[in-house]
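By convention here, the first residue in the shown sequence is residue 1. Counting starts at 1 for both ligands and their atoms, in listed order.
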Amino acid sequence: MKNIIIAIDGYSSSGKSSMAKWLAARIGYRYIDSGAMYRAVTLYAMRNGMIHPDGSVDDQAIVKSLPLIKIDFKVDRQSDSQATMLNGEIVESEIRDMPVSNNVSAVAAIPAVRHALVDMQQAFGNEKGIVMDGRDIGTTVFPNAEMKVFVNASPQTRAQRRLLELSAKGVATTFEEVLANVVHRDHIDTTRAESPLRRAEDAIELDNSNMSIEEQSDWLLKLFNKISSCNN
Ligand code: DC
């Protein structure tokens, strides 16, 4: 069967990463979390004093550092999981914490950061057989992807999901704080000048607010089977 490119875009904490990860494992494709790449650049910037306590971002310093930032994914075949690496260090846990979450949208809005990461993301797609999730995968990174999905859910549902994830990790936060972060990121992601979050015209939309994980998985696999049979 011919390998294809699968682009899964959507709002933060919409469940798109879980869906993308599950589908990739199920069909034997490589999964790439493009949001993790923006988070890794943000962590680098925070560690190097390029994001100030008031939230202001030194765009120029970040852009100058881009050649020094190497991002990769370490795959653990046994557990079928992968960890984000920043200059050889595993940063998977740190990039999911609130300080990075609070700053990442501002970093992701810098055009030169986007250009550098889009180039890397496109290189991952050279071999096809990948599932990539993010905000602009179906519009900018792979506008010719054979399968495009746009995932959405209400802000309250997404905040609740994120709160559960953070609580499971022992991060102390409140529903109100997480909801404010979700709403703030939605605003920046959809209004930035460079590749704002939007549904590609040919993407199939899924609102999973009231769907179980099993229902989402079933929906996704059926769509994949339909599209891949048309591409053979
Ligand atoms: O999917 P996530 O929440 O881990 O993404 C982190 C941030 O990165 C989010 O604020 C939007 C941004 N992002 C982006 O602008 N483009 C992508 N392709 C992926 C993520």
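- Under 4.0 angstrom from ligand 1, there are no non-hydrogen atoms of His184.
- Distances shorter than 4.0 angstrom occur between a heavy atom of Lys16 and an atom of ligand 1.
- The protein atom (non-hydrogen) at minimum distance from atom 3 (O) of ligand 1 is Arg185 NH1, 2.9 Å.
- Ion pair Glu92/Arg96 flagged as a salt bridge, since at least one NZ, NE, NH1 or NH2 atom sits closer than 4.0 Å to an Asp/Glu carboxylate oxygen.
- Annotation: atom 12 (C) of ligand 1 to nearest protein heavy atom, Ala108 CB, 3.8 Å.
- Inspection of the Ser217 and Arg26 side chains reveals no N or O donor paired with an N or O acceptor under 3.5 Å.
- At least one donor-acceptor pair under 3.5 Å links the side chain of Asn48 to the backbone N or O of Tyr44.
- Of the protein's non-hydrogen atoms, Asp136 OD1, 2.8 Å is the one closest to atom 18 (N) of ligand 1.
- Among protein heavy atoms, atom 16 (N) of ligand 1 sits closest to Arg114 NH2, 3.0 Å.
- Looking from atom 1 (O) of ligand 1 to the surrounding protein, the closest heavy atom is Arg135 NH1, 2.9 Å.
- Met132 is not listed as a side-chain neighbour of Ile6, based on a closest heavy-atom distance of 4.5 Å or more.
- Residue Tyr38 has no N or O atom closer than 3.5 Å to an N or O atom of ligand 1.
- At least one N or O atom of Ser105 sits closer than 3.5 Å to an N or O atom of ligand 1.
- Protein heavy atom closest to atom 20 (C) of ligand 1, with residue, atom name and distance, is Gly35 CA, 3.5 Å.
- Looking at residues two or more places apart in sequence or on another chain, you find a side-chain hydrogen bond (donor to acceptor under 3.5 Å, both in side chains) between Glu177 and Thr173.
- Counting heavy atoms closer than 4.0 Å to ligand 1, residue Leu197 contributes nothing at all.
- Asp9 places a side-chain N or O within donor-acceptor distance of the main-chain N or O of Arg135, the cut-off being under 3.5 Å.
- Side chain to side chain, Tyr31 and Asp133 meet the donor-acceptor criterion of an N or O pair below 3.5 Å.
- Among pairs with a residue in residues 204-232, those fulfilling ring pair (Phe, Tyr, Trp, His ring centres under 6.0 Å) read Tyr29-Phe224, at least two apart in sequence or across chains.
- Expressed to the nearest 0.5 Å, how far NZ of Lys16 lies from CG of Leu206 amounts to 13.0 Å.
- Under a 4.0 Å heavy-atom criterion, Gln121 is not in contact with ligand 1.
- Of the candidates Arg39, Arg96, Arg158, Arg39 brings a heavy atom nearest to atom 4 (O) of ligand 1.
- The single protein non-hydrogen atom nearest to atom 19 (C) of ligand 1 is Ser34 OG, 3.3 Å, given as residue, atom name and distance.
- The pair Lys21-Asp33 does not meet the salt-bridge criterion, since no charged nitrogen lies less than 4.0 angstrom from a carboxylate oxygen.
- For ligand 1, the polar-atom distance check finds no N/O of Asp33 at less than 3.5 Å from any of the ligand's N/O atoms.
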